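Here the structure comes first, spelled out in structure tokens, and everything after it is commentary.
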Amino acid sequence: MNLEQALQTLLPNAAEAQVMEVFAAPFLEALGFGYSERFSEFPVGRRFKVDYAARKNINENIFSQSLEQPYLYMEVKGRAKKLGDEHHNHYREAAKQLKGYLLDSASESVKWGILVNSLHVQLFRKHGKVIHPETPCIPLDANIQRVIRDLKQRIESPKRGLIVTVYNNKGGVGKTTTTLNLATTLALLKKRVLIVDFDPNQSDLGDSLNLQPLQGKLLTILKSRDPDIREVIRAHKLQHPRVQKPPSFDIILADEQLANNLDEAKLSQQLKLHALRRALESVRNDYDYIFIDAPPNWRLFAKKAIFAADAVLIPARHDNLHSLQNAGTAITRFIPEIQKERQQLGESGPVALPIFMNNTFKPTSPAIQLMHQAIDKIIRDAKANFDGFDLKPYFYPKSSPGHENHKMISIPYMAYISRADFMHMPAAFAFKAAREQYLNLVKEYFL
């Protein structure tokens, strides 16, 4: 039975078992996974089974026999599950289930996840520990063959780099410090990294490395219909007298002409919302990670930086109520706004990563208590004002239903970071203690 016949056979309210029996195998077959390259009820660890796992056979290593190194998981739902509405609990629960399988320690080799109920399909990409939607929820209608071609092309030719924007609407929370030290830590781990200073009014990223901003080049490239952003990428090798083979990363410096253009309305007409993303797509396969340092506001440059991202990392401070509130606002309002813009172009939107505390001094117990009280209010307000939106997983990622855990991801206060600023050097490169902390952060989020 081919895919079109399978769709015609299914009843309008077909249950999960029927979708599995009639539709799932032809769907994977259409994606290029033959009978011996897929396996149903695939064990994920000791406790769970995903509906299907698939991988191309490698010489004599037949996947359906060895069950080794799965490449793709597919979770199947019945037609009554409303996967076409990303705000519906059916969708949220199904997506959470699939992500849980993808993040299981037994799933290290898996790079893709598919959520499907024969009415809608969505493709998820796993890059290290970051899972983000590669496509929006796509209707499976008369255009199903076009959808299959698109999904197959994405799965067979994945783009190398993950684009991460570091953002908070509140200034002074360490966005630039975070960008620089994450890039340094990943470079020390032999990853290819590009960092982008997209805060032309401050240019702190370049200044922290004692590098002068650009003078109009980036503006010209972003305005171009056929941008070649390689013209403004420069390599930066870190220097230390006791390091013989220092790491390096690439950088795009801020452009002063972007800051000097005071007519933001006119500039927004010249620079389309997708300008930065389009430019970075051309070099995405050159890097493992691309980090964008975004400005602390919700205006032109911040919107473009978020639009360009696959994921958004949000630093906050335990002693700054506004940084906590703005972190919540970014997740409940700003990122969804960009997700809608991207979906209108047939693309998926960026996902928010858990918030982390970037402490400027060692917090006291009373200060920690005040912070948790403030966060609890932010979580309650979000549920009341944004259709039950639950911010708890973003503030408390270790918590789960029935198992409250208020442990947060954090970088502790370290005088090394301030010292490194005066040295025009990343703290993660100059000081072992700082490097260990940022290595923990990299492992928490990315590796």
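This one's a predicted model, so the numbers in the text were calculated from it and none came from an experiment. For this chain, numbers begin at 1 and follow the sequence in order.
- Under the side chain to side chain donor-acceptor pair (under 3.5 Å) criterion, Q5 pairs with no residue, sequence neighbours left out.
- Of the possible polar contacts, none joining the E75 side chain to the V50 backbone as a donor-acceptor pair under 3.5 Å is found.
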>> If you apply the rule side-chain contact (heavy atoms from CB on, under 4.5 Å), what do you find for L258 with L271, and how did you get there?
In response: CA-CA 10 Å; L258 289 171; L271 298 181; 3.8 Å; yes
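- Counting only residues at least two apart or in different chains, salt bridge (charged side-chain N to carboxylate O under 4.0 Å, His left out) contacts with residues 386-399 comprise K392-E404, K398-E444.
- Counting only residues at least two apart or in different chains, salt bridge (charged side-chain N to carboxylate O under 4.0 Å, His left out) contacts with residues 174-197 comprise R192-D250.
- Residues in residues 140-163 take part in no ring pair (Phe, Tyr, Trp, His ring centres under 6.0 Å) pair, two or more places apart or across chains.
- Figure legend: K56 and F33 shown as a cation-pi pair, the cationic atom lying under 6.0 angstrom from the six-membered ring centre and within 45 degrees of its axis.
- The side chain to side chain donor-acceptor pair (under 3.5 Å) check on S66 picks up N61, with sequence neighbours excluded.
- A donor-acceptor distance shorter than 3.5 angstrom exists from the side chain of Q339 to the backbone of P350, with no hydrogens or angles considered.
- Scanning all heavy atoms of the two residues, the minimum distance from V351 to H132 falls at CG2-CB, 3.9 Å.
- The side-chain contact (heavy atoms from CB on, under 4.5 Å) with F395 is formed by just one residue from the set I375, D376, I331, I409; it is I375.
- Side-chain N/O atoms of Y73 and S107 include a donor and acceptor closer than 3.5 Å.
- By the 6.0 Å contact criterion, CD on E41 is enclosed, its count of non-hydrogen atoms from other residues, nucleotides or ligands being greater than 12.
- The backbone N or O of A428 sits less than 3.5 Å from a side-chain atom of N181, completing a donor-acceptor pair.
- Screening residues 108-137 for salt bridge (charged side-chain N to carboxylate O under 4.0 Å, His left out), with sequence neighbours left out, gives E134-R154.
- Between the side chains of N169 and T329, not a single donor N or O lies within less than 3.5 Å of an accepting N or O.
- With sequence neighbours excluded, the residues satisfying side-chain contact (heavy atoms from CB on, under 4.5 Å) with R38 are A25, L28, E29, Y35, Y52, A54.
- Applying the side-chain contact (heavy atoms from CB on, under 4.5 Å) criterion to E436, with sequence neighbours excluded, gives K432.
- R435 pairs by the salt bridge (charged side-chain N to carboxylate O under 4.0 Å, His left out) definition with nothing, not counting sequence neighbours.
- For Y445 and Y289, the ring centers sit 6.0 Å or farther from each other.
- Annotation: salt bridge (charged side-chain N to carboxylate O under 4.0 Å, His left out) contacts involving residues 284-311, sequence neighbours excluded, comprise R160-D288, R230-D286, E264-R299, R277-D310, E281-R284, R284-D310, K303-E337.
- For H406, the NE2 atom sits in a packed shell: over 12 heavy atoms of surrounding residues, nucleotides or ligands are nearer than 6.0 Å.
- A distance-only check finds a donor-acceptor pair linking the side chain of N358 to the backbone of V173 [under 3.5 Å].
- Remark: the backbone N or O of A254 is not paired with any side-chain donor or acceptor of S203 at under 3.5 angstrom.
- Note that R342 lies in the cation-pi zone of F307, set by a 6.0 Å cut-off to the ring centre and a 45° limit from the axis.
- Within a 6.0 Å radius of CG in D226, other residues, nucleotides and ligands contribute 12 heavy atoms or fewer.
- Scored by the side-chain contact (heavy atoms from CB on, under 4.5 Å) test, K217 finds V232 as partners (sequence neighbours excluded).
- Here the side chain of R317 pairs no donor or acceptor atom with the backbone of S323 at under 3.5 angstrom.
- Sparse packing is recorded around CD of E21, with 12 or fewer heavy atoms of other residues, nucleotides or ligands lying under 6.0 Å away.
- Considering every non-hydrogen atom in both S118 and R79, the closest pair reads OG-NE, 2.7 Å.
- Qualifying side-chain contact (heavy atoms from CB on, under 4.5 Å) partners for S109, counting only residues two or more places apart in sequence or in other chains: Q69, P70.
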